[in-house]
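The structure appears right after this line, and notes come after that.
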Amino acid sequence: MPAQPPAVTDATPEPTPRAPLAPAAPPDPATPLAEYAVLGDGRTAALVSRSGSVDWWCAPRFDSPAGFAALLGGPEHGRWLLTAPDATSVRRRYLGDSFVLETTFRTPTGTAVLLDAMPLGDGRCDLVRHLTVTEGTVRVRHEWVVRYGYGAVTPWVHRVTDPDGREAVQAVAGPDSLLLRGDRLPRPQRTAGGHRAHVDEVDMSEGESLELSLTWAPSWLPVPRAPRLEHRVEATEHRWGAWARAARYEGRYRAAVVRSLLVLRLLTDAQTGGIVAAATTSLPEDLGGERNWDYRYCWLRDAAMTLEALLEHGYRSEAQAWRQWLLRAVAGDPEDVQIMYGVDGSRDLPERTLDHLPGYAGSRPVRVGNAAVGQVQNDVLGEVMCALHLARAAGVEESADSWSLQVRLVDHLCGAWRRPDSGIWEVRGAPRHFTHSKVMAWAALDRAVRAVEEHGLPGPVERWRRERDAVHADVLAHGWHAGRGTFVQHYGAEHTDASLLQLVQVGFLPPDDPRLLATVTAVRDELEVAPGLLHRYRTDRTDDGLRGGEHPFLACSGWLADALARQGDVAGATAVLDVLTSLPGDLGLLAEEFDPGTGRMMGNLPQALSHLALVRAAHSLDEALVRGASAQPSGTADRP
């Protein structure tokens, strides 16, 4: 290992005045999102750039304030960089089916290999890094900048001795403590950009290595012991791999499906069972725009769809854990049920802006919390009931408490479905009678009826049948536009949106019903902007209460492939899935949206909805192949 630099006593930082409103960043200086890897430990996640910079890390939970927030600003807002600054090429991969990241830096004088991981299963919150020079000589730069409160708070940084007698650097502010340990610790100095950091540069030769670990702990507890790096990294790789091997999928898209399933598992809290929608906040749907949202929470809809994707590929224990989370989160009066919760089931998620951050590529405001928590979205119970129905069919035994909860929620829906709502897209304009919301209310009632009929569970089935039939008739009377020959976005509209593709998935009508065939065609005609890539809706036709536009929504590509597969169009579904699986970068991660003009991922990353839609579409395509569906139905040959 390289020689340790002389010991340095860190100066206590001078007081930091309250930051003024940050100026907007240049239009597009940001690292492309496809160049980020994600690490996770079952409680939180970190994003690491191709250059070896940890630019996002919230500890100890997904929704904790970030200590590294350079993703939404610059290095001065916190990052942990370990890199070969002279690298002429960089190659990355995950080791097997894991989230242990290997980055290989090649420089004119040598090669270095960096391993990054967040160890699993030990109840700790660690991020470990191990760099080895495998050839020649490599200059290595190490830069450590901790800023709590999403880059707003400069901590007290000082040297301490850990329980093993090793020197460490500790950053403390309020309840948070980060402890940096390693073979060679950086020294405090100001960077070329003028911000305070801990920095080290060293020339390392073949065979030399640098081992570093970062541990979050409550600031009031004694300094914890160091993690056992070699053992924990190897065990973490094996645990991820063992989980992935249980996946029931051997089809054409196995690599993409398994990586997507792993992402869904990474976004599932190992302690509470809550499933977050994404690991980040405020990554923009449009560069420089205001469509920037915090997705580090548990949407009932997204989590239920994730559960369906996992169940279809053989994962039952996750269903049981999420059902217990659901019972705790929505306990109480059905009138008080929210569309989203904190990862621990907490209800209070007020939205606020962080004006000290310039945002990713100048996209502001940066938001934490989410005001959509107060919206009424009548589709949500449909997704939940569909997921729990699938769990029953997979053999997950229904408990008295879980069924009692479902009965109360469905009874409440019997009156609520007639009201307008904000819909699946959480529009901030006027509530509407969204066709998708009505259909998902039908799905909730349908699954409740089938629970009684197919599984013998008790409930007011006659009432549920009447309401189910009433919803169905209402949608056919008001959600179908006879003149256009398609279902429409909301009652009285003349346009579609991509959520109508889910009418095929939930069985509202037979998949090959002419009305659904026509609707899939209409959705593509209106919303498909590149082969297999669709807007979720036209912003010029939908009052969503926001300025600007957005890019194709990747979950909609999965929904399209799923609908085509269910309708027997194997060739069409395959073509769309070929497009969707070609979009991720070298690590197989999908964001929320994709800009076909620039080839860039957009929106929060990694996005559960994008990955689960891919997984479910691949499953539906396999089922279509088993049914022996036609490879080329008439009228679709010219589709991508």
Looking at [atom1] of [X] and [atom2] of [Y], how far apart are the two atoms once the value is rounded to the nearest 0.5 Å?
X: Leu609; Y: Asp302; atom1: CG; atom2: CG; answer: 5.0 Å
X: Leu180; Y: Glu167; atom1: CG; atom2: CD; answer: 10.5 Å
X: Leu326; Y: Leu300; atom1: CG; atom2: CG; answer: 6.5 Å
X: Thr132; Y: Leu115; atom1: OG1; atom2: CG; answer: 7.0 Å
X: Met118; Y: Leu214; atom1: CE; atom2: CG; answer: 9.5 Å
X: His142; Y: Arg187; atom1: NE2; atom2: CZ; answer: 12.5 Å

Could you report the tightest heavy-atom contact between [X] and [Y], atom names first, then the distance?
X: Glu426; Y: Ile339; answer: OE2-CD1, 3.6 Å
X: His611; Y: Ser260; answer: ND1-OG, 2.9 Å
X: Ala277; Y: Leu267; answer: O-CD1, 4.3 Å
X: Ala247; Y: Leu261; answer: CB-CD1, 3.8 Å
X: Thr236; Y: Pro119; answer: OG1-CA, 3.1 Å
X: Ala173; Y: Val153; answer: CB-CG1, 4.0 Å

If we ignore hydrogens and angles and just use 3.5 Å, is the side chain of [X] paired with the main-chain N or O of [Y] as donor and acceptor?
X: Thr280; Y: Asn604; result: no
X: Arg50; Y: Val90; result: yes
X: Ser610; Y: Ala591; result: yes
X: Asp126; Y: Val128; result: no
X: Tyr341; Y: Val373; result: no
X: Arg367; Y: Asn292; result: yes

Determine, for [X] against [Y], whether the closest basic-nitrogen to carboxylate-oxygen distance falls under 4.0 angstrom.
X: Asp63; Y: Arg61; result: yes
X: Asp116; Y: Arg129; result: yes
X: Arg184; Y: Asp200; result: yes
X: Arg92; Y: Asp586; result: yes
X: Arg428; Y: Glu290; result: no

field: Stepwise side-chain contact (heavy atoms from CB on, under 4.5 Å) check, Thr154 with Arg147
entry: CA-CA 5 Å; Thr154 302; Arg147 297 290 185 269; 3.7 Å; yes
message: Could you walk me through whether Thr281 and Leu72 satisfy the side-chain contact (heavy atoms from CB on, under 4.5 Å) test, starting with their C-alpha distance in whole Å, then the side-chain angles of each, then the deciding distance to 0.1 Å, before giving a yes or no?
response: CA-CA 9 Å; Thr281 180; Leu72 299 176; 4.0 Å; yes
- prompt: Could you go step by step and tell me if Leu114 and Phe105 meet the side-chain contact (heavy atoms from CB on, under 4.5 Å) rule?
  reply: CA-CA 8 Å; Leu114 173 63; Phe105 299 103; 4.1 Å; yes
Verify whether one side chain among [X] and [Y] offers a donor that lies under 3.5 Å from an acceptor in the other.
X: Trp299; Y: Glu383; result: no
X: Ser51; Y: Ser49; result: yes
X: Tyr297; Y: Asn370; result: no
X: Gln170; Y: His158; result: yes
X: Asp344; Y: Thr272; result: no

task: Determine, step by step, whether Trp243 and Glu318 satisfy the side-chain hydrogen bond (donor to acceptor under 3.5 Å, both in side chains) criterion, reporting the C-alpha distance in whole Å, the side-chain angles of both residues, the deciding distance to 0.1 Å, and the verdict.
output: CA-CA 12 Å; Trp243 189 88; Glu318 287 74 13; 3.0 Å; yes
message: Aromatic contact between Phe553 and Trp425, with the criterion being ring centroids under 6.0 Å apart: yes or no?
response: yes
query: Between His356 and His77, how do the two ring planes meet: parallel, tilted or perpendicular, split at 30° and 60°?
result: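 Ring orientation of His356 relative to His77: tilted.
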message: Classify the ring geometry of Trp80 against Phe68: parallel below 30°, tilted from 30° to 60°, perpendicular beyond 60°.
response: tilted
- request: Report the C-alpha separation of Ile275 and Leu264 in whole Å, then their side-chain angles, then the decisive distance to 0.1 Å, and conclude whether the side-chain contact (heavy atoms from CB on, under 4.5 Å) test is met.
  value: CA-CA 8 Å; Ile275 304 170; Leu264 298 179; over 6 Å; no
